[in-house]
Protein chains: 2
Amino acid sequence: MDTEVTRVEKGFETLAALLREQILRGDIPAGDILPNERDLVSQFGLSRGSVREALRVLEAQGLVSTRLGRNGGRVALQPGTEMVRDSLEMFIRGQRVAFPVLMETVEALEPSLAALAAEHRDDDDLASLHACGARLSRISNAKAFLAANARWHRTMAHASHNAILIAIYDSLGPRLLDPRVAGFASADVRAAVVHAIGRVEEAIIAGEPETARRRMQRHVQAYRRLVESVAPKTVRL
Amino acid sequence: MDTEVTRVEKGFETLAALLREQILRGDIPAGDILPNERDLVSQFGLSRGSVREALRVLEAQGLVSTRLGRNGGRVALQPGTEMVRDSLEMFIRGQRVAFPVLMETVEALEPSLAALAAEHRDDDDLASLHACGARLSRISNAKAFLAANARWHRTMAHASHNAILIAIYDSLGPRLLDPRVAGFASADVRAAVVHAIGRVEEAIIAGEPETARRRMQRHVQAYRRLVESVAPKTVRL
DNA sequence: TTGAGGAAATGGTCAAACCAATTGACAAGC
DNA sequence: GCTTGTCAATTGGTTTGACCATTTCCTCAA
């Protein structure tokens with residue numbers, strides 16, 4: 001019984017793997033144009049169809065983009081946050097991840113993000129954060145408030161200067177703007193949020209990670225209690 | 001100047017989008033066989049080459065797998081953790097994310113994972129966790145200790161019952177087993193780790209999220225100080 | 001009953017065209 | 001000189017038809 005046969009690598013897979021490696025290693029720098037299809041055909045001895053399938057895989061993986069016409073071709077890309085976002089998006093949809101789980105995930109990230117922001121923020125971060133916070137306190141419209149709130153959080157996440165957490169947070173954060181949870185921002189709730197966020201901001205400005213973490217965590221827990229008191233747990237995306 | 005032209009959707013893109021939607025919505029349940037290439041050709045009026053490119057895209061996105069031979073074909077898949085892992089893998093490689101950032105990310109997740117584990121763990125989780133902890137305390141080999149340690153953490157992450165965090169943690173955790181950081185597990189370090197982990201485990205068993213969070217966070221910070229005292233910050237993956 | 005061999009179904013590959021989009025070059029007209 | 005229009009060149013997109021490779025099913029003979 002052949003329990004383990006060596007999987008035969010297809011021609012297009014070989015080429016895709018080869019080009020992928022060259023792009024990820026930087027041998028083909030981002031922005032460079034790959035050889036055109038017909039050249040790849042003669043270089044690798046594959047048919048044009050196989051070459052195109054290889055390139056199509058790379059495109060689906062976010063490693064190249066395609067331009068039509070003369071001076072077109074495939075442009076090498078460094079994989080960015082879009083890939084992470086797309087894969088999480090499909091994971092959430094495919095696995096039927098419930099909305100509360102998504103919320104729980106973001107809540108799990110935010111205290112650490114606040115701590116890292118306090119540790120790593122630079123002057124630009126502080127300026128952006130202050131601008132977001134100031135804007136937030138002037139907004140009265142509930143829907144606009146939620147958007148501005150999300151923006152403040154996003155800015156804080158970026159201040160962490162942790163590329164992985166930023167990619168994850170940017171992937172998940174926007175999903176929390178679901179219209180079904182947009183009704184919570186009554187005037188007093190908004191005031192409480194502004195206050196809590198201001199306290200976190202102070203800790204980030206002061207460069208006190210543990211204070212920022214603690215304040216953000218309390219804010220998050222308070223927010224959760226609020227949402228749970230209003231929304232049924234069964235809401236699904 | 002045409003600043004915004006309506007991007008023309010290619011034939012294979014249309015088909016890929018259509019099939020992707022059917023799979024994600026569950027109209028084509030996981031495990032089902034898609035129509036074969038020649039049938040898709042006649043159903044959608046595309047050439048076989050275009051159909052194959054569409055299917056190749058879905059394969060790259062983890063939505064179908066391909067089997068050769070009679071009774072072969074494309075099997076629909078629900079996107080799982082592999083996709084998330086692959087995209088994070090490419091992100092880390094392509095963006096040249098430094099090892100300390102990776103470590104920082106995992107450290108950011110673990111306290112919340114511990115808290116969620118304490119909140120959501122079931123009897124199976126407790127049994128697995130206890131087994132991992134017990135095994136850990138009996139290991140003397142440094143390399144094996146690190147592997148068992150990773151396994152305990154992974155088990156704890158699964159006890160959180162948060163599918164997104166599990167997917168992320170499973171994607172990043174294994175990368176911390178880099179051989180370059182495998183030399184830290186001296187006997188007294190191992191004893192300290194076993195003790196810290198035991199305390200977290202107690203809190204998870206007791207169902208006390210905030211205690212578990214606090215203890216895990218202290219452990220993580222202690223571990224970080226240890227690593228920083230030994231490893232240069234410039235180590236890169 | 002079992003084994004061998006061939007038929008059938010399915011994806012993998014190749015080849016040669018031609019279509020579609022974009023850009024460059026160049027000439028005509030202002 | 002500058003603009004504008006036309007045509008040619010380049011590159012990806014698509015089609016068609018054929019054949020190969022792998023796997024499974026089916027039949028028939030030992």
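What you are looking at is a predicted structure, and each value in this text was computed from that prediction instead of being measured. For the numbers below, each heavy atom of this structure counts, side chains included, while hydrogens, waters and symmetry mates do not. Each chain gets a letter, A, B and so on, in the order its sequence line appears, and its residues count up from 1.
Checking the phosphate oxygens (OP1, OP2) of D/dG13, no side-chain nitrogen or oxygen of B/Ser50 falls inside 4.0 Å. Applying the 4.0 Å criterion to OP1 and OP2 of C/dG24, one finds that A/Asn71 has a side-chain N or O inside that range. The shortest distance between the side-chain N/O atoms of A/Ser47 and the OP1/OP2 oxygens of C/dT13 is not below 4.0 Å.
Atom CZ of B/Phe44 and atom C1' of D/dT15 are 18 Å apart (whole Å). The separation between B/Glu9 atom CD and C/dA20 atom P is 18 Å, rounded to whole Å. Atom P of nucleotide D/dG12 and atom CG of A/Leu55 are separated by 8 Å, given to the nearest angstrom. Rounded to whole Å, atom P of C/dG12 lies 13 Å from atom CD of B/Glu53. Here D/dA21 presents its P atom at 17 Å from CZ of A/Arg7, a figure rounded to the nearest Å. Distance A/Leu58 CG to D/dG12 P: 13 Å, rounded to the nearest Å. Distance, A/Arg56 CZ to C/dG12 P: 16 Å, rounded to whole Å.
Across residues 28-43 of chain B, B/Arg38 each have a non-hydrogen atom less than 4.0 Å from an atom of DNA chain D (numbered order).
Residue contacts shown for A/Arg52 include a base, since a base heavy atom lies under 4.0 Å away. Counting non-hydrogen atoms under 4.0 angstrom, B/Arg74 reaches the backbone sugars and phosphates but no base. Within the nucleic acid shown, B/Gly73 comes within 4.0 Å of sugar-phosphate atoms alone, with no base atom in reach, counting heavy atoms only. A/Leu46 comes within 4.0 angstrom of the backbone, heavy atoms only, and of no base. Nucleic acid contact for B/Arg48: base, since at least one base atom lies under 4.0 Å from a heavy atom of the residue.
Under a 3.5 Å cut-off, the side chain of B/Thr81 and the backbone N or O of B/Ala167 do not form any donor-acceptor pair. Within the 3.5 Å criterion, the main-chain N or O of B/Lys10 finds a donor-acceptor partner in the side chain of B/Thr14. A/His120 contributes no side-chain N or O that, together with a main-chain N or O of A/His161, makes up a donor-acceptor pair within less than 3.5 Å.
Between B/Leu68 and B/Lys10, the residue anchored closer to the 5' end of DNA chain D is B/Lys10, taking for each the nucleotide with the nearest heavy atom. Each of A/Gly72 and A/Val8 was assigned the nucleotide of DNA chain D with the nearest heavy atom; the assignment lying further toward the 5' end belongs to A/Gly72.
A donor-acceptor pair shorter than 3.5 Å can be found between the side chains of B/Glu59 and B/Thr66. Between the side chains of A/Ser87 and B/Asp86, no donor N or O sits under 3.5 Å from an acceptor N or O. A side-chain N or O of B/Asp170 and one of B/His158 form a donor-acceptor pair less than 3.5 Å apart.
Interface remark: the A/Arg70 side chain does not form any donor-acceptor pair with the D/dG12 base, using a distance-only criterion of under 3.5 Å.
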Worked verdict on B/Leu172 versus B/Ile92 for side chain to side chain contact (heavy atoms under 4.5 Å, CB included): CA-CA 10 Å; B/Leu172 302 179; B/Ile92 289 169; 3.9 Å; yes
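The environment of B/Asp123 atom CG is sparse: at most 12 non-hydrogen atoms of other residues, nucleotides or ligands sit within 6.0 angstrom.
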